[in-house]
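Okay, structure first, notes after.
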Amino acid sequence: MVDLLVFKTPWGWMGIAASGSGVRAIVLPRASRRTVEAKLLQQAQSGREARAVHLSPTAPRLSPGIESVLQKARTQLVEFLGGTRRELDFPVDLSGGSPFQRRVWRAILRIPYGRVRSYKWVAARVGGKRYARAVGLALGANPVPIVVPCHRVVASARRTGESSGHPASLGGFSGGLWLKRRLLELEDSLPLLRGSRHRS
């Protein structure tokens, strides 16, 4: 069973899908509740385990375990976006990813708050630099952005483990580049893209 929660943050509406094993999906801030609900329902219906959704206070009660996970995740995500929390420690279920995707996501979990790394840096940790494109695809499939901090992966940078000699570019982001930039601003890591304050 997968249960869903939609909630308001200072950045907009967000959504979470959770099973008994942990959070399975996070929908990043959007302008409308309806947009988030539609995205969550789409993700839930694409999974064979999705049997119930709970989007309103009038919905049936959740199981205590799932309700606890959803509430903890909501609290921590709101605190993170508010700048009062740096670490997220609620349970996450990444079982929907392929073995390669899970390797990429685990590598990204090693990128500290306030730091950035390149696609090549990640690729080198999951099989070699030739996997940089595949890393990009795995990032696009990341079901739990912010928790698996794919916003900290940039296309290139002078100080992310390479000496490319040219300025960094943000690369892509499933939530949109405006949101990637805002998350990097929150973590005060945009200066790293200009080659300052970063050590590989």
Atom pair [atom1]/[atom2] of [X] and [Y] - distance to nearest 0.5 Å:
| X | Y | atom1 | atom2 | value |
| --- | --- | --- | --- | --- |
| T9 | E79 | OG1 | CD | 12.5 Å |
| W11 | L179 | CH2 | CG | 6.0 Å |
| L183 | H151 | CG | NE2 | 5.0 Å |
| D93 | R24 | CG | CZ | 5.0 Å |
| L70 | K72 | CG | NZ | 12.5 Å |
| N142 | L137 | CG | CG | 13.0 Å |

Closest non-hydrogen atom pair, [X] against [Y]:
| X | Y | answer |
| --- | --- | --- |
| A107 | V122 | CB-CG1, 4.2 Å |
| W13 | V36 | O-CG2, 3.4 Å |
| A18 | V69 | CB-CG1, 4.1 Å |
| C150 | L139 | CB-CD2, 3.7 Å |
| G171 | L177 | O-CD2, 2.8 Å |
| S118 | A155 | CB-O, 4.2 Å |

Salt-bridge contact R86-E187 (side-chain N to carboxylate O under 4.0 Å)
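No salt bridge links R86 with E187.
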
Is there a side-chain contact between [X] and [Y], using heavy atoms and a 4.5 Å cut-off?
| X | Y | result |
| --- | --- | --- |
| L94 | P143 | yes |
| R103 | R125 | no |
| D188 | Y113 | no |
| L5 | R74 | yes |
| V153 | W121 | no |
| F7 | V78 | yes |
| L4 | L41 | yes |
| I16 | L77 | yes |

Checking [X] side chain against [Y] main chain: does a donor-acceptor pair fall under 3.5 Å?
| X | Y | result |
| --- | --- | --- |
| K39 | V27 | no |
| R152 | R115 | no |
| K180 | G172 | yes |
| Q101 | S98 | yes |

Taking the six-membered ring of W178, is NZ or CZ of R181 closer than 6.0 Å to its centre and within 45° of its axis?
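Not flagged: R181 not positioned over aromatic ring of W178.
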
Side-chain heavy atoms under 4.5 angstrom apart, residues restricted to Ile, Leu, Val, Met, Phe, Trp, Tyr: same cluster for L109 and W105?
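In one cluster with L109: W105, yes.
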
Does the side-chain contact (heavy atoms from CB on, under 4.5 Å) test come out yes or no for L184 and V116, once each step is laid out?
CA-CA 9 Å; L184 294 175; V116 294; 3.9 Å; yes

Using side-chain contact (heavy atoms from CB on, under 4.5 Å) as the criterion, list what pairs up with R34, not counting sequence neighbours.
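So R34 forms a side-chain contact (heavy atoms from CB on, under 4.5 Å) with S32.
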
CD of E87: more than 12 outside heavy atoms within 6.0 angstrom?
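Open.
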
Is the Y131 to Y119 ring centre distance short of 6.0 Å?
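When the ring centroids of Y131 and Y119 are compared, they turn out to be at least 6.0 Å apart.
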
Before giving the answer on side-chain contact (heavy atoms from CB on, under 4.5 Å), spell out for V6 and M14 the whole-Å C-alpha distance, their side-chain angles and the decisive distance to 0.1 Å.
CA-CA 6 Å; V6 177; M14 288 188 70; over 6 Å; no

